[in-house]
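Each chain gets a letter, A, B and so on, in the order the sequences are listed, and its residues count up from 1. Reckoned from all heavy atoms, side chains included, excluding hydrogens, waters and symmetry mates. What you see is a predicted model; the values in this text were computed from it and never measured.
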2 protein chains.
Amino acid sequence: MTVTLADVAARAGVSPATVSRVLSGNYPVAEATRARVLRAVDDLDYVVNGPASALAAANSDLVGILVNDIADPFFGIMAGAIQSEMGPAVPPAADAWGPGQAPGGPQGRVATGPAGPAPAAEKLAVVCNTNGSPERELTYLTLLQRQRAAAVVLTGSAADGPEHTERLAAKVARLVAAGTRVVLCGRPPVAGALALTFDNRGGARRLTEHLLTLGHRRVGYIAGPAERTTTRHRLEGHLAALAAHGLPAQAPGTQAPGTQPGGAPAAAPEPPPLVVHGAYDRASGYDAACELLRREPGITALVAANDTVALGACAALRDMGLSIPRDVSVTGFDDLPFSADAAPALSTVRLPLYEAGARAGRLALGREAPPPGGVAMIRAELMIRDSTAPPPAPGR
Amino acid sequence: MTVTLADVAARAGVSPATVSRVLSGNYPVAEATRARVLRAVDDLDYVVNGPASALAAANSDLVGILVNDIADPFFGIMAGAIQSEMGPAVPPAADAWGPGQAPGGPQGRVATGPAGPAPAAEKLAVVCNTNGSPERELTYLTLLQRQRAAAVVLTGSAADGPEHTERLAAKVARLVAAGTRVVLCGRPPVAGALALTFDNRGGARRLTEHLLTLGHRRVGYIAGPAERTTTRHRLEGHLAALAAHGLPAQAPGTQAPGTQPGGAPAAAPEPPPLVVHGAYDRASGYDAACELLRREPGITALVAANDTVALGACAALRDMGLSIPRDVSVTGFDDLPFSADAAPALSTVRLPLYEAGARAGRLALGREAPPPGGVAMIRAELMIRDSTAPPPAPGR
DNA sequence: CTGTTAGCGCCTTCAG
DNA sequence: CTGAAGGCGCTAACAG
């Protein structure tokens with residue numbers, strides 16, 4: 001039914017081994033036969049049988065990319081960047097043969113010789129959507145392990161909590177043991193894997209400091225899902241900034257520093273916490289903003305877990321008749337493309353998603369030297385735009 | 001090094017064939033042995049060798065999803081929907097799985113332990129980013145063919161033009177011949193493949209009609225990349241609406257119907273066309289809006305190729321000090337999540353991206369009967385919101 | 001129900 | 001430089 005390597009060999013009048021050698025290009029073959037084989041391949045429309053080749057060679061050209069939400073540009077940008085690095089081989093005289101793409105130039109890559117490690121073939125970069133489910137994450141990892149994937153890149157926040165962390169670590173260990181390279185991008189490190197982690201804590205801290213410096217004292221925080229590492233880290237940064245200014249995390253008003261949170265239960269009504277958790281989406285931002293302003297109408301600034309959430313919060317504020325940033329300042333996180341276009345342009349923290357993804361891709365292919373210790377921290381950059389300003393005058 | 005099926009067989013004291021049978025679950029096995037095998041699998045942390053199994057069975061559980069831009073929610077939503085249908089099996093206990101739909105015996109693998117080790121059957125849905133390059137599209141198709149993918153879903157607009165159309169058709173034919181199911185989602189049909197096409201022409205036409213009905217007569221059109229089918233179809237719909245109202249496509253002002261475009265070359269200066277092409281992104285929308293208003297300051301409405309482009313146009317208008325929709329109305333297309341949140345909320349055409357993607361996923365797995373003729377047209381729904389209104393009074 | 005027997009298509013020594 | 005031979009790990013008929 002389907003044409004095999006043997007068919008090509010017959011057509012070209014050579015042995016299967018020779019065809020194999022021509023195709024994988026990692027072994028000297030006479031230019032004449034080489035051409036003959038290539039033509040036969042073309043004539044027959046031959047396409048290598050991946051499974052068979054993977055079985056025999058004990059490796060495949062599959063590279064898996066796991067994302068939490070494929071509909072979110074945050075992941076789309078990283079995934080796209082990772083894939084962009086999976087192209088055919090290295091810089092010079094790119095030899096992208098492939099069954100179908102005949103010998104590029106007259107002599108293709110003949111004289112090039114081993115310009116590097118090996119004319120690495122094109123990788124099949126593939127993205128898998130976990131939908132934020134730790135369960136599905138593990139499942140995909142197993143599926144990828146099954147395929148003997150060459151590498152796996154896990155992006156975005158991980159599920160927080162010991163059990164999953166442990167199960168993931170075990171899985172990663174097995175993958176690595178099986179020869180699969182594992183890279184984490186925008187995630188906390190895991191033993192055995194290379195990691196590019198974002199400075200979520202630092203970015204969040206500087207963002208809140210920016211607000212405090214402007215004079216804000218009643219700052220609401222719209223956090224992401226409670227069980228995610230990124231959520232926790234950003235919140236920690238925020239709280240650290242607050243603490244550094246002597247502001248108790250949940251103080252609703254201008255409370256004196258040092259006030260112990262667990263105060264009198266009945267006499268003085270417990271101050272409502274100014275942190276609300278929700279999903280990383282626009283609707284959550286909207287709802288959370290409403291909730292926070294209900295709890296504490298005196299809020300003058302809202303820090304959102306990410307840009308999408310921030311936009312939802314802006315919409316809520318608008319609907320309440322509040323002006324941004326005159327009445328309330330709002331900040332996001334990530335600096336996704338649309339943030340600069342929002343009205344008003346969002347003050348946020350820029351994460352170099354594309355650059356980080358590209359680097360992760362290179363690491364996954366072993367095309368770049370791993371950072372010392374296997375872990376690198378990616379800096380976040382403050383982007384101050386138009387959604388933040390000093391709070392309204394006290395007696396507004 | 002790695003544990004194989006034979007190891008498991010030995011550990012369980014059965015033959016490899018038996019292990020294979022319990023793992024694929026498509027053959028009766030005594031409950032006792034079955035349990036023994038499962039335990040051995042678990043003890044040894046065994047994971048099937050995908051390539052080997054694919055080779056032997058002549059099929060794999062890979063399903064490819066091709067998208068033009070993975071960072072664009074338009075594709076992310078469809079891809080996510082498609083993947084959501086690739087789950088383990090169907091709704092009830094019914095276990096429709098295996099390389100082909102196994103008999104799903106009376107109690108198949110019911111009594112299995114806790115979420116068995118490798119409940120298999122799960123398809124590995126995988127998305128590939130072509131970045132809008134016809135070349136890469138073909139390459140990915142080859143890569144997927146190499147892997148003997150079970151199915152392939154191509155989403156979004158196709159490259160327009162005979163050569164690519166033909167090459168694609170040939171590739172699709174080969175894939176289908178090799179047993180891979182091919183589904184098109186949001187694309188024009190291709191022989192041999194099932195297709196779910198969006199009513200881009202109709203949607204665009206109704207959108208422009210909406211504007212004309214409001215009283216607009218000088219309508220600018222911001223089109224997508226010229227060489228894409230979706231671009232062409234939407235533009236055709238727009239022009240059809242214009243023509244139906246007796247408005248020449250490129251008339252800059254209130255021109256009398258019937259005026260022949262190719263008029264006097266020097267005497268009467270050629271009216272500037274009111275259509276500008278650009279990428280499907282926000283920056284293009286911004287630039288195109290500027291360009292159109294430069295060409296024809298009297299424009300009272302801007303029709304954008306999609307929502308993202310429309311938002312860019314809105315930003316441009318805002319920067320020019322124009323109010324939406326008081327001075328200029330703006331429309332989008334697709335109805336992506338953020339469109340309803342824009343300020344003002346965007347009038348657009350809703351494409352049921354998620355539903356279409358889910359259906360495409362089911363078709364790809366053969367879980368749903370194909371539409372008659374293999375092609376189904378997906379209706380687009382007009383969503384009138386706040387970015388459109390009657391044009392300003394004549395003598396504004 | 002379970003074991004046995006052949007390959008699936010390709011890569012990879014090992015000769016020539 | 002090229003051919004011949006063995007086996008990668010698993011599944012799919014056939015026996016029993």
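- Residue contacts shown for B:A30 are limited to sugar-phosphate atoms, with no base heavy atom under 4.0 Å away.
- The CZ atom of B:R146 sits 14 Å away from the C1' atom of C:dG9 (whole-angstrom rounding).
- As rounded to whole Å, 9 Å separates atom C1' of D:dG9 from atom CZ of A:R148.
- Side-chain to base pairing of B:R21 with C:dG3: one donor and one acceptor N or O lie within less than 3.5 Å of each other.
- Listed nucleotides: D:dA12, C:dT12, D:dG9. Nearest to the side chain of B:L55: D:dG9.
- Considering only the side chain of B:S15, C:dG3 comes nearest among C:dC11, C:dC8, C:dG3.
- Across the protein-nucleic acid pair, B:N26 atom CG and D:dT11 atom P stand 9 Å apart, rounded to whole Å.
- Inspection of the B:T18 and B:S15 side chains reveals an N or O donor paired with an N or O acceptor under 3.5 Å.
- In the set C:dG3, C:dC8, D:dT2, the nucleotide with an atom closest to the side chain of B:A17 is C:dG3.
- Put simply, CG on B:N59 is 15 Å from C1' on C:dG9, counting in whole angstrom units.
- A salt bridge links B:R167 with B:E135: the distance from a Lys NZ or Arg NE/NH1/NH2 to an Asp or Glu carboxylate oxygen falls below 4.0 Å.
- Here B:T18 does not reach the OP1 or OP2 of C:dT2: none of its side-chain N or O atoms lies under 4.0 Å away.
- When distances are taken from the side chain of B:T4 to each of D:dC1, C:dG9, D:dG9, the shortest belongs to D:dG9.
- Minimum atom distance to the side chain of A:L5 is reached by C:dC10, of the listed D:dT11, C:dC10, D:dG3.
- Summarising the geometry, the separation between CG on A:D61 and C1' on C:dC11 is reported as 15 Å, rounded to the nearest angstrom.
- At the heavy-atom level, A:V14 lies under 4.0 Å from the strands shown only through sugar-phosphate atoms.
- Distances shown here put a side-chain N or O of B:S20 below 4.0 Å from the OP1 or OP2 atom of D:dT11.
- One can place CG of A:L23 at 16 Å from P of C:dG9, the figure rounded to the nearest angstrom.
- Residue A:V29 is classed as a sugar-phosphate contact, given heavy-atom separations below 4.0 Å to backbone atoms only.
- The closest side-chain donor-acceptor pair between A:E137 and A:N131, if any, does not fall under 3.5 angstrom.
- The pair A:D7-A:R11 does not meet the salt-bridge criterion, since no charged nitrogen lies less than 4.0 angstrom from a carboxylate oxygen.
- For the pair A:Y27 OH and C:dT13 P, the interatomic distance rounds to 9 Å; values are reported in whole Å.
- The listed nucleotides are C:dC10, D:dT11, C:dC1; the one nearest the side chain of A:N49 is C:dC10.
- The CG-P distance, from A:D7 to C:dG9, rounds to 9 Å in whole Å.
- At a cut-off of 3.5 Å, with distance as the only test, a side-chain donor of B:S24 or B:N26 sits close to an acceptor on the other residue.
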